[in-house]
Student: 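Starting off with a structure, shown below.
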Amino acid sequence: MNAAPDKIGHVPATAATALESDFPQIEISQIAEQESWRKEINRPIYHIHKWWATRLGSVFRGITLGALSQPGTDTWEQFYKTHDLAGKVVLDPFMGSGTTLGEAVKLGAKAVGCDINPVSTFLVRQAFTPVSEAELRAAFKRLERDVAPEIRRYYQTRDPQTGELIQVLYYFWVKTVTTPEGEVIPLLSRYVFSQDAYPKKKPRAQIVCPDCWGVQEDRYDATDLRCQHCGNQFNPQKGPAAGQYVTAESGQRYRIKELLPKDGSPPSHRMYAMMALRADGSKVYLPVRDEDLALYEEAQVRLSREALPLPEASVRPGHNTDQARGYNYTHWRDFFNARQLLCLGLLLREILTIDDLAVQEQMLCLFSSTLEFNNLFCSFKGEGTGAVRHMFSNHILKPERTPLENSVWGTEKSSGTFSTLFESRLLRAKRYLDEPFEIAFEYDQDGNRKGSRKTVASHSIRARRVETWDELDTADHGLLILNGDSSRLPVPAGSVDAVVTDPPYFDFVHYSELSDFFFAWLSPVLRHRYPWMAREDSSDQGEVQHKDPRVFARQLAAVFTESCRVLKDDGVLAFSFHHSRAEGWAAIYEAISEAGLAVVAAHPVHAELRGASPKTAAKDPISLDAILVCRKKAFALHRSSAIQDVRQSVDALSSRLQAAGLRISAGDRFVIGAAQTLIARAADDLGFDEIKEHLETIRLGVRATAREVESGVVDVHLATV
Ligand SMILES: C[S@@+](CC[C@H](N)C(=O)[O-])C[C@H]1O[C@@H](n2cnc3c(N)ncnc32)[C@H](O)[C@@H]1O
């Protein structure tokens, strides 16, 4: 890049960092894709607890390295080297699960992370707290001794073969509605309730009889079955529920919503089958018998007698919560059945007796993780795959017609339980603190990729957690984790070397509506310890998210303005972004401009998410993020380019990525084009509507091009709008 006078800057501008000129897009995309297959294993510190839309660690290592390196540095060459960027400070004003923080401290830099959401702050603090495995194991053993037997006793049944008590892995439930005539109808669309994830290969399935509720095995696609228990003849593919309707025995059809309880309580449920674990380790499907119902009732009675730390908070109306509220899920405790509430309450009460607060909070974090897989919004994924589909598999809280009840403590054959997550999430994350690793490809003699391996490229995460800027300022290494609105940071002006972040995306995840689910449990037990936990819910006026893109832009501008204030003049602010709509990008342009920043470079990389906004995700899946690199306007080197140049860039970059094996959709081409448009228009100070129009032109242009290219009508390089 030349150090030519520019249209924006008041002084001749030059690139100050490697990230402004180059980025190893292909190499990092390939390694990021590899990471995304098993992200919980490849970057366990960011997956200690549920967070939404977490970004890939490899990409953020690349960005942070580029942002802290001299121009001309080959970032890829440095990627697997051990660095000690002592004294450098990296800020993430939208901390989320802490991806930027982890990658910055792995490079030896100091990191400041701030999130407005108390659940984010809590989980990131836990992720970066070094507690020894021995201490955690001791605490776990104590819980196993003191509370696990009490919990486990509610998850057992008698093996009909041997008469022995065996452990239940899952209970299968179905919602029921009652017609005005008093008929109780289960909301089953099929009577096949368990089949393999690949049923054509493994056609064996479990079917429940609509008459006697006996459980039997047959093909997943059987259409005519005689119940082996009661002789009832039925079609397993045809249950009474279809779409929004349910059909009574008389043939009368009802809208399901019209049959919901009139007293405002959530729908009723029927427990109808179980999967249990035999003493020899094999799994067996069983019908629900009287003693199983009696055990559940016992749990109900005990729940009404115990004083347990259960959630009291109500569910706020909102984009993500309205559907659940429409089904009368108005309080967070409605998301659990009586046995789940009892067992979770018993476990939480015991965790709170752990004296060592650091250890106690690790266990609280693990407890909160367990909630995700132990509630009535979970369902069964099928055999041959992780059994439990957790409640956040899409971003809307959708009431589940056939909930799956997992066991809270769990067995060695469980997943998503307190005991299994202890190993798979908590301990794995702690080991990563001691020995952080990257994944690297392995090649055979001919240069063909033959697999991947872990490689250690960082010192252990030594950064000590500090509580104030002053403490951080005087240390060589340190980590400051804040809760609050990042439009007001307790950080002096011009003190941060790089801002590396992933802002909320317009009209995408409404974080606090979802995090309230966890907050409802955590806040009552932590509110006396942390002021930021002492509020009614996890929302905040300052949260950046709004359905109006202009309002969203203003909110985002406030945080970018503050980030710009604390950034050094030669520092970059870099963030990942994608969106399928022009207005999403227009909001970003406006926020950047208003903050006094300009986009100077954009690098497309593999993003884990396939989807840009819930409405368009299915049509045009996006698998790219644009890494937008901004400088303060006064120091920005501006490359003004015409719209033709933008199109050429789209073609060139798409071809490069495709040649490297990445699938590039029309949506991806728009991501590249929109990012290039923000660079091309950086100096023009356009209004929202003007930039939106430019972006819309690009959107239509690149999409048409992609379709024509696919159908072979035009050569990609010749296509014009
Ligand atoms: C896209 S997420 C970040 C994801 C993160 N990069 C990761 O990998 O986990 C955006 C975050 O911004 C936070 N946020 C929204 N408005 C904020 C504000 N005004 N100040 C600080 N954080 C905010 C949200 O709570 C959310 O955690």
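Atoms within a ligand are numbered from 1 in the order they appear, just like the ligands themselves.
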Student: Do you know which two heavy atoms are closest between Tyr505 and Ser576, and how far apart they sit?
Tutor: OH-O, 3.0 Å

Student: Taking all atoms of both residues into account, what is the closest heavy-atom pair of Asp537 and Ser539, and its distance?
Tutor: OD1-OG, 2.5 Å

Student: Nearest to atom 20 (N) of ligand 1, what protein heavy atom do you find, and at what distance?
Tutor: Ser486 N, 3.0 Å

Student: Out of all atoms in ligand 1, which are within 4.0 Å of some heavy atom of Gly484? Include the element for each.
Tutor: 20 (N), 21 (C)

Student: Taking all non-hydrogen atoms of both residues into account, name the closest pair between Gly113 and Leu101 and its distance.
Tutor: CA-CD1, 3.5 Å

Student: Enumerate the salt bridge (Lys or Arg N to Asp or Glu O under 4.0 Å) contacts for residues 90-118, please, sequence neighbours excluded, ordered by first and then second residue.
Tutor: Arg43-Glu103, Glu103-Lys106, Lys106-Glu438

Student: Closer than 4.0 angstrom, basic N to acidic O: yes or no for Arg125 and Glu467?
Tutor: yes

Student: Judging by distance only, is a nitrogen or oxygen of Pro504 under 3.5 angstrom from one on ligand 1?
Tutor: no

Student: Please indicate whether Lys39 has more than 12 foreign heavy atoms, meaning atoms of other residues, nucleotides or ligands, lying under 6.0 Å from its NZ.
Tutor: yes

Student: What's the shortest distance from atom 16 (N) of ligand 1 to any protein heavy atom, and which residue and atom give it?
Tutor: Val544 N, 2.9 Å

Student: Ignoring hydrogens, what is the shortest heavy-atom contact between Phe422 and Leu366? Give both atom names and the distance.
Tutor: N-CD1, 3.6 Å

Student: With heavy atoms of Thr54 as the reference, note each atom of ligand 1 found under 4.0 Å away.
Tutor: 7 (C), 8 (O), 9 (O)

Student: Quick check: does Trp51 get an N/O under 3.5 Å from an N/O on ligand 1?
Tutor: yes

Student: Number the atoms of ligand 1 from 1 as they appear, then name those within less than 4.0 Å of a heavy atom of Pro503, with their elements.
Tutor: 1 (C)

Student: If the cut-off is 4.0 Å to any non-hydrogen atom of Ser97, which atoms of ligand 1 fall inside it?
Tutor: 7 (C), 8 (O), 9 (O)

Student: Which protein heavy atom lies closest to atom 12 (O) of ligand 1, and at what distance to 0.1 Å?
Tutor: Phe94 CD2, 3.2 Å

Student: Are Arg529 and Glu361 close enough for a salt bridge, meaning some N to O gap below 4.0 Å?
Tutor: yes

Student: For atom 22 (N) of ligand 1, what is the closest protein heavy atom, and at what distance to 0.1 Å?
Tutor: Ile116 N, 3.2 Å

Student: Looking at ligand 1, does any of its N/O atoms fall within less than 3.5 Å of an N/O of Thr99?
Tutor: yes

Student: For ligand 1, is Pro93 a contact, meaning one of its heavy atoms is under 4.0 Å away?
Tutor: yes

Student: Purely on distance, is any nitrogen or oxygen of Glu543 under 3.5 Å from one on ligand 1?
Tutor: no

Student: Using the test side-chain contact (heavy atoms from CB on, under 4.5 Å), find all partners of Ala558 that sit at least two apart in sequence or belong to another chain.
Tutor: Ser487

Student: What do you reckon, does Tyr511 have a nitrogen or oxygen under 3.5 Å from a nitrogen or oxygen of ligand 1?
Tutor: no

Student: Hey, does Ser120 come in under 3.5 Å of ligand 1, counting only N/O atoms on both sides?
Tutor: no

Student: So with a 6.0 Å cut-off around CZ of Arg38, is the heavy-atom count from everything else above 12?
Tutor: no

Student: Over 60° means perpendicular and under 30° means parallel, so classify the ring planes of Phe552 and Phe506, tilted if in between.
Tutor: tilted

Student: Using side-chain heavy atoms (C-beta onward) and a distance below 4.5 Å, is Ile48 in contact with Leu426?
Tutor: yes

Student: Should Ser487 be listed as contacting ligand 1, given a heavy-atom distance under 4.0 Å as the test?
Tutor: no

Student: Counting only heavy atoms not in Glu536, do more than 12 sit closer than 6.0 Å to its CD atom?
Tutor: no

Student: Is it the case that ligand 1 has an N or O less than 3.5 angstrom from some N or O of Val559?
Tutor: no

Student: Tell me, which protein residue and heavy-atom name are nearest atom 25 (O) of ligand 1, and how many Å apart are they?
Tutor: Asp115 OD1, 2.7 Å

Student: Please could you name the atoms of ligand 1 that Asn117 approaches to less than 4.0 Å, counting only its heavy atoms?
Tutor: 25 (O)

Student: Given Asp502, Asp485, Leu556, identify the one with the heavy atom nearest to atom 10 (C) of ligand 1.
Tutor: Asp502

Student: Testing Phe60, Phe560, Phe94 one by one against Phe575 for a ring pair (Phe, Tyr, Trp, His ring centres under 6.0 Å), which residue passes?
Tutor: Phe560

Student: Would you please determine whether Ser515 falls within less than 4.0 Å of ligand 1 on a heavy-atom basis?
Tutor: no

Student: Between ligand 1 and Gly98, is the shortest N or O to N or O distance under 3.5 Å?
Tutor: no

Student: Using distance alone, decide if ligand 1 has a nitrogen or oxygen within less than 3.5 Å of any nitrogen or oxygen in Arg55.
Tutor: yes

Student: When you measure from the heavy atoms of Ser576 to every atom of ligand 1, does any distance fall below 4.0 Å?
Tutor: no

